[in-house]
Amino acid sequence: MATTAVRRRRMRDPALAITALVIAGLLAFFVLYPLGALLARVFVVGGEPSIAPLLEVLAQPNHRAAFFNSLLLATLVGVIGTALGFLFAFTAARAGLSAGWVRFLDIATLLPLISPPFTTSISLIFSFGPRGLITHDLLGLKGVTIYGLSGTLAAETLTYFPIAYLTLRPVLSAMGNTLDEMAMSLGSRRLHLFRTVTLPLAVPGLANAFLLLFACSLADFATPLILAGNRFPVLPTEAYLQITGLFDLQGGAVLSFVLLVPALVVYVAQRYWVGRRQYVTVTGKSGSAGSSKGVSPAARILLVGACLLVALFVLYLYALLIFASLVQAFGANHTWTLDHYRVIFTEGQKAIGDTLIIALIGMPLGGLYGVLVGYIVARGRFAGRQVLEMAAMVNYALPGTIVGIAYLIAFNDPPVALTGTALIIIACYVFRYSPTGIRATIAQLHQIDRSLEEASESLGAKGGTTFRRVVLPLIMPAFFAGLGVVFIRSMTAISATIFLVSIDWTLITVRILENMTELALGPAAAFSVFVIIVVMIVTAAVNALLRRLRTGQEMPVAGMGGG
């Protein structure tokens, strides 16, 4: 009876109701309104509904080619990246590696997640471009080009396969070794065991990883802009060029809508796969968690060797980036210099300052917003709760190009002319990347017994006091995870915010892209190194603070891919 009374009182808690209303208003203004403005620009002509703009754009062969190219690239990245991520995850979970080796794999795979999305593109150009270290200097090849499908595919795969690794490693680790030992005791061979037991149990994780990588590639704007060019046009770059080159806002909106369709299909499919992941591998019964019989010694050597080659190549790309930032002109003059760093700290000082200000403001706002929305969704009991949750996830599911163009259309003209201000850039980051904190908060609240809150409220504490004194300390890891991801993406993302920058407020990633288009590769490399160092320092500081304040386990704050 007392518990029921407490729950009824919580449903009537004015603080919870007001918070839910405020968040619903913010979501309506910063998520649903821009998306509605985008759809209106696509389907309304002269105040009348019309599909003429859509048909006109789809009638152009280059736009149709860009659409199919986007699907082809995303599919290839999904397949190859998932296979590579599975290789790393299987090796880390089942090959009996020491903690040091697993840590090495973690470092090599996390580097692409904390750097700008086109960092890999820069290093690949340094390695395999016309004056590349490998193609020109080492192999003596001339006329070699990395631009087109192959270069873009290689860059995106190396950038996004760590997401598959992080997705699949917990799945494989949770399987333990009991099933393996049972099957082998009945005479099953390791290859047959892998094919009939391990792989089927990993199918939901593999599908989820593929869909994640497919969505990341579909949303990637910067890598195709640098490496694909006219050889392999894709929808995000076509939409960007439609707006910035032809000043055709409606054409850009139509192209982004075309991109919206497969993005939403992937989002729905991903939620379906995640929802049906009911392959039980953790039963609570004692069993071996080791991996002594996971693979044969020969297979172990092959797995470790393959992972080592990929990991060393990734580290090589980042070492090359550092080298290029410290020489006069990579490929032509390798005289040591700090000129590129002088450039970024003088000519690029404003971009650095603006980016840090926006990231440092957006970080706590994103963390707090994620915790509040997660708490309302997990603990609230009101009509429309699931709608609120879906609205909070929309910007995360959409490609950054769509979000950026939607914000440009919605906030470019009075009465809400916010484009080019710090406010709209911060809002874009908060509402696009906070869902990581939301999901982390919901997951942690599902592990916390409601009786703790009910006991506090039964003693007369109001909902706000209970949240601040009881709930928040328990979900502090989710708070730090949310603010960490928002900071990382604020430092590295570009797809959405490139449409929102101005003379007053600009970003480091935009300056890197400008340097790339101007072939100023040294400053671009120096900017990238600076971003990586800052992100690593802040991530380490956040994790150190969490270790001091946490009441549960530490939660890493490395951000996911996606522009």
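Not measured: the values here are computed from a predicted model.
A cation-pi geometry, defined here as NZ or CZ lying under 6.0 Å from the six-membered ring centre and within 45° of its normal, does not hold between R231 and Y147.
Considering all non-hydrogen atoms of both residues, A253 and S256 come closest at O-OG, 2.7 Å. Between L259 and P236, the shortest heavy-atom contact is CD2-CG, 3.9 Å. Contact detail for A164 and G85: the closest heavy-atom pair is CB-CA, 4.0 Å. Residues L507 and T355 come closest through the heavy atom pair CA-OG1, 3.3 Å. Across all their heavy atoms, Q250 and P53 have their closest contact at NE2-CG, 3.5 Å. Heavy atoms only, all atoms of each residue included: L218 and A263 are closest at CD2-N, 3.7 Å.
Not one N or O on the side chain of N412 forms a donor-acceptor pair closer than 3.5 Å with the backbone of T419. Side chain of S490 to main chain of A359: no donor-acceptor pair is present (N/O by atom type, distance under 3.5 Å, no hydrogens or angles). Formation of a donor-acceptor pair under 3.5 Å by the T237 side chain with backbone atoms of P233 is not found in this model. The backbone N or O of P116 lies less than 3.5 Å from no partner atom in the side chain of T492, so there is not a single donor-acceptor pair. The backbone N or O of L71 sits less than 3.5 Å from a side-chain atom of T75, completing a donor-acceptor pair. A distance-only check finds no donor-acceptor pair linking the side chain of R489 to the backbone of Y433 [under 3.5 Å]. With hydrogens and angles ignored, the 3.5 Å screen pairs no side-chain donor or acceptor of S50 with any backbone N or O of V45. T152 places a side-chain N or O within donor-acceptor distance of the main-chain N or O of G148, the cut-off being under 3.5 Å.
Within a 6.0 Å radius of CZ in F68, other residues, nucleotides and ligands contribute 12 heavy atoms or fewer. Atom CD1 of I51 has 12 or fewer neighbouring heavy atoms from other residues, nucleotides or ligands inside a 6.0 Å radius.
Contact check for W505 versus L500: no side-chain heavy atoms found under the 4.5 Å cut-off. Side chains of L418 and T421 form a contact here, defined as non-hydrogen atoms less than 4.5 Å apart. A heavy-atom distance below 4.5 Å is not found between the side chains of L227 and E156. Between M393 and R439 the shortest side-chain heavy-atom distance falls below 4.5 Å. Using a 4.5 Å heavy-atom threshold, the side chains of I114 and L110 count as separate. In this structure, the side chains of S528 and I122 come closer than 4.5 Å at one or more pairs of heavy atoms. Looking at heavy atoms from C-beta onward, L27 lies out of side-chain contact with L32 at the 4.5 angstrom threshold. Under the 4.5 Å side-chain criterion, counting only non-hydrogen atoms from C-beta, Y318 is in contact with S115.
Using the six-membered ring where Trp is involved, F88 and Y165 have ring planes that are perpendicular, over 60° apart on the 30 and 60° scheme. The aromatic rings of F431 and Y369 stand perpendicular to each other, their planes meeting at an angle above 60°, with 30° marking the opposite boundary. Using bins of under 30°, 30° to 60° and over 60° for the plane-to-plane angle, the ring pair F257/F43 lands in the perpendicular bin. The aromatic rings of Y407 and F411 sit perpendicular to each other, their planes meeting at more than 60°, with 30° as the lower class boundary.
The line from CD1 of I425 to CZ of F499 is 13.5 Å long, rounded to the nearest 0.5 Å. Atoms CG and CG, from L483 and L365 in turn, are 10.5 Å apart once rounded to the nearest 0.5 Å. In this structure, CD in E238 is found 8.5 Å from OG in S70, a value given to the nearest 0.5 Å. The CD1 atom of I424 sits 12.0 Å away from the OG atom of S502 when rounded to the nearest 0.5 Å. One finds the CG atom of L212 at 5.0 Å from the OG1 atom of T167 (value rounded to the nearest 0.5 Å). Annotation: the span from L111 atom CG to T120 atom OG1 amounts to 9.5 Å, rounded to 0.5 Å.
The closest side-chain donor-acceptor pair between D220 and T223 falls under 3.5 angstrom. Between the side chains of T497 and Y429, at least one donor-acceptor pair of N or O atoms lies under 3.5 Å.
A salt bridge links D106 and R169; the closest N-O separation between the charged side-chain nitrogens and carboxylate oxygens is under 4.0 Å.
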Could you walk me through whether L309 and F313 pass the side chain to side chain contact (heavy atoms under 4.5 Å, CB included) test, one step at a time?
CA-CA 6 Å; L309 284 176; F313 184 70; over 6 Å; no
